[in-house]
Asker: 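What follows is a structure written as structure tokens; I'll ask about it next.
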Amino acid sequence: MPPYSPVLMGEYNFGHRHLLGIEGLSREDIEHVLDLADTYVELSRQADKKTARLRGRTLINCFFENSTRTRTSFEVAGKRLGADVINMAVAVSSMRKGETLIDTAMTLNAMHPDVLVVRHPESGAVQLLSEKVDCAVINAGDGSHEHPTQALLDALTIRQRKGRLGGLTVAICGDVLHSRVARSNIALLNVMGARVRVVAPRTLLPVAIERLGVEVFHDMKAGLKDVDIIMMLRLQSERMHGSFIPSTREYFHFFGLDYEKLKLAKPDALIMHPGPMNRGVEIGSEVADDIDRSLIRQQVEMGVAVRMACLEIMTRDLGNNPPVR
Amino acid sequence: MIGIRRLYRNARLLDPDSGLDGPGDLLVEGDRIAAIGPTIGDGLGADVEIVDCAGLCLAPGLVDMRVQLREPGAEHMESIESGGRAAAAGGVTTIVALPNTEPPVDDVSVVEFLARRAREAKLAKIHTYAAATKGLAGRELTEIGLLAANGAVGFTDGVKAVADALVMRRLLAYARSFDQLVIQHPEEPSLAGAGEVTEGEIATRLGLAGITPAAEIIMIERDLRLVAITGARYHVAHVSTAAGIDAIRQAKAAGLPVTCDTAPPYFTLNETAIGDYRTFAKLSPPLRAEPDRRAVVEGLRDGTIDAIASDHAPWDQDSKRLPFSSATCGIVGLETLLPLSLELYHNRHLTLIEVMRRLTVNPARILGLEVGRLRPGLAADLVVFDPDAPWRIRTEAFRSKSKNAPFDGRPVQGRVERTVVDGREIFVREG
């Protein structure tokens, strides 16, 4: 495992009590997370994957919305750091009994966790909860607002393959309207100096999206021209009230990623997807499974490393003791 | 029986109805205004109680045409008693309550209940609108004739628009037969959908579902066509967009019987007040972009907007301390109606008497109530206020049972000193 380095890990002042979003993070903040995450990528590839840096710390995964991959990723990250990880599927317990979010926050707070990892179906709910607890809160996705660790893991994935983020052209394609992943990625990529495009039918783009620092395209052929990275978004049918697209068949025809559309991007363009994929809706299977072009599995691997980095950074200043080795 | 005689001396008399703005005295005998004049102090005898106004403004008490009380049904958020006290502290002497109580005001018995409770409370005068449709469900008309005969002053589905065009047409046509006012919440609900804020950059950044501001004008323009067909008296509540106000401006110019009001949040705040998901700034219609806020000010200035109402919407903590999309819409406003409206005067958009016109005689006329004027023989419903006194709004000090307002700490000018209803002083500032 990498040696503990105070220069790399201890001296940088992250300066944020919670990780609620990418908005508000500086370039240095983001690079700090990515640099630390690089070391955890190495660690996770070894036979002995465990450190004791979070020994004695308690991490509660508090998911008000169903999730398997993000929750598991945080769980693995916490356990590799030696923390005690508790999973609470709140979606099926207290909220059903009418307990309010703030009551739940108070209850959890009384158990003295060191980190709460929270996902909630409503935008802003994680921030509301963070105002009521003493520990660090990591946003694992709130409504259509932010999903910061996803953007960080996407950045790490890109950086590992391309060596940089600045100067790249990234197309974010699909259901931007309902996507917290898109908002976090737009914020992060802008801070890091990438050029960001969004490509979607007008019904799946929020008004004034260009104000967030993106070029807007409604046609995949134009939008994918000469891009370095293609981020496909999941069509979030569960968040859709009413008809945003006529059919998934038509959607795939015009906005789904297949080899024909991929040809317009740079020859070495890479494909990403935050998962879970709707095969044949936003992405064709053969593209998704192309090991030369698709980074989808690497994203999952980077997810654990980035979450380990975030957990360490958020707990670093908590106790009076230096991190335990 | 005359009852009490009370002389308000050394006042700056403000009566928008007659245009009077000057120093003078006002004599109250019993529950009526007995005399108004430059000096009526002499020869009144010893039984007259003297109130020295020391040059402060004496105006008709405010007529607030859009207030939600939560009685019956949710008295823990606001009762007729607590709402009446809040009104008194705000200089409001006449309230018109929305029918969205539990049960809703869609039946004569509820109108009678409210009238009885208001008589018992002996605070501000409380009138009520009745539901336009049974159960506020937007389908079947209520008993408009009977409800009007029992005191309902207008018909509305409250915080919900009457969405169905055919129902609206019949409502307007039927209401016209009884010369009744129809009040609309101007938002096309199918277009607003699950939206919670005005669509645009702020909504997009926060990941909140947006509502196009066009939802307002689409509803207003549809209704104006129906008003043209039916000739009914039609009132648009809390207008908040430039396009909506302009449509009303043109309709008035064309001679349609249309009036409208707005509420202080729409000319004192814009959508940036939402900040980081502040549920106290969640309203329906939602706070708008800055150009719309300015259009509201302009509409008030040129008279397109007839009245300012508080749009008082009391909610307890449990309704507001929630994620933004789960929180309820609305703010309390009875106690801040006057100082927030006076910002229009202090910012030199309107003269003092024009601000007062939109708070008194204009809403009274729209509602057909004989209040809101300083005239001998009318009920002595008065407010004494200092138009310049500076203070900071403290929501904790509200008399209202609910404290949901985004104005906590806001510096304002204009403070109520006394409120009088039917000759009774229901509020006198202490200290």
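Naming: A, B, ... by sequence-line order, numbering from 1 per chain.
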Asker: Between CD of E122(A) and CD of E196(B), what distance do you get to the nearest 0.5 Å?
Answerer: 8.0 Å
Asker: If you count the non-hydrogen atoms of other residues, nucleotides and ligands that lie under 6.0 Å from CZ in R170(B), is the total more than 12?
Answerer: no
Asker: For R195(A), does the CZ atom have more than 12 heavy-atom neighbours from other residues, nucleotides or ligands under 6.0 Å away?
Answerer: no
Asker: Hey, is CD on Q317(B) packed in by over 12 heavy atoms from elsewhere, all under 6.0 Å?
Answerer: no
Asker: Has the side chain of R211(A) got a donor or acceptor atom that lies under 3.5 Å from a matching backbone atom of R205(B)?
Answerer: no
Asker: Please list, in residue-number order, every residue in residues 270-277 of chain B that has a heavy atom less than 4.5 Å from any heavy atom of chain A; write 'none' if there are none.
Answerer: D276(B), Y277(B)
Asker: If you take all heavy atoms of G200(B) and A208(A), which pair is closest and at what distance?
Answerer: C-CB, 3.8 Å
Asker: Taking atom CZ as the centre, does R27(A) end up with more than 12 heavy-atom neighbours from other residues, nucleotides or ligands that are less than 6.0 angstrom away?
Answerer: yes
Asker: Under 4.5 Å heavy-atom distance to chain B, tell me which part of I102(A) shows up: side chain, backbone, both or neither.
Answerer: side chain
Asker: Counting heavy-atom pairs closer than 4.5 Å to chain A, which one of A203(B), A209(B), S326(B) comes out on top?
Answerer: S326(B)
Asker: Evaluate whether atom CZ of R169(B) has more than 12 neighbouring non-hydrogen atoms of other residues, nucleotides or ligands under 6.0 angstrom away.
Answerer: no
Asker: Checking heavy atoms, do the side chain of L128(A), its backbone, both or neither come under 4.5 Å from chain B?
Answerer: side chain
Asker: Passes side-chain contact (heavy atoms from CB on, under 4.5 Å), L208(B) versus S123(A)? Steps please.
Answerer: CA-CA 6 Å; L208(B) 295 173; S123(A) 301; 3.8 Å; yes
Asker: Inspect the surroundings of CZ in R139(B) and state if more than 12 heavy atoms from other residues, nucleotides or ligands are less than 6.0 Å away.
Answerer: no
Asker: Out of curiosity, E146(A) CD to L206(B) CG, how far, rounded to the nearest 0.5 Å?
Answerer: 10.0 Å
Asker: Going from CG on L212(A) to CD on E201(B), what distance comes out if it is rounded to the nearest 0.5 angstrom?
Answerer: 6.5 Å
Asker: Which bit of E23(A) is near chain B, if near means a heavy-atom gap under 4.5 Å: side chain, backbone, both or neither?
Answerer: side chain
Asker: I'd like to verify something: which residue of V207(A), L129(A), V126(A), V176(A) has the highest number of heavy-atom pairs under 4.5 Å with chain B?
Answerer: V207(A)
Asker: What part of R183(A) lies closer than 4.5 angstrom to a heavy atom of chain B: side chain, backbone, both or neither?
Answerer: side chain
Asker: Taking heavy atoms only and a threshold strictly under 4.5 Å, list by residue number the residues of residues 212-221 of chain B that touch chain A; give 'none' if the list is empty.
Answerer: none
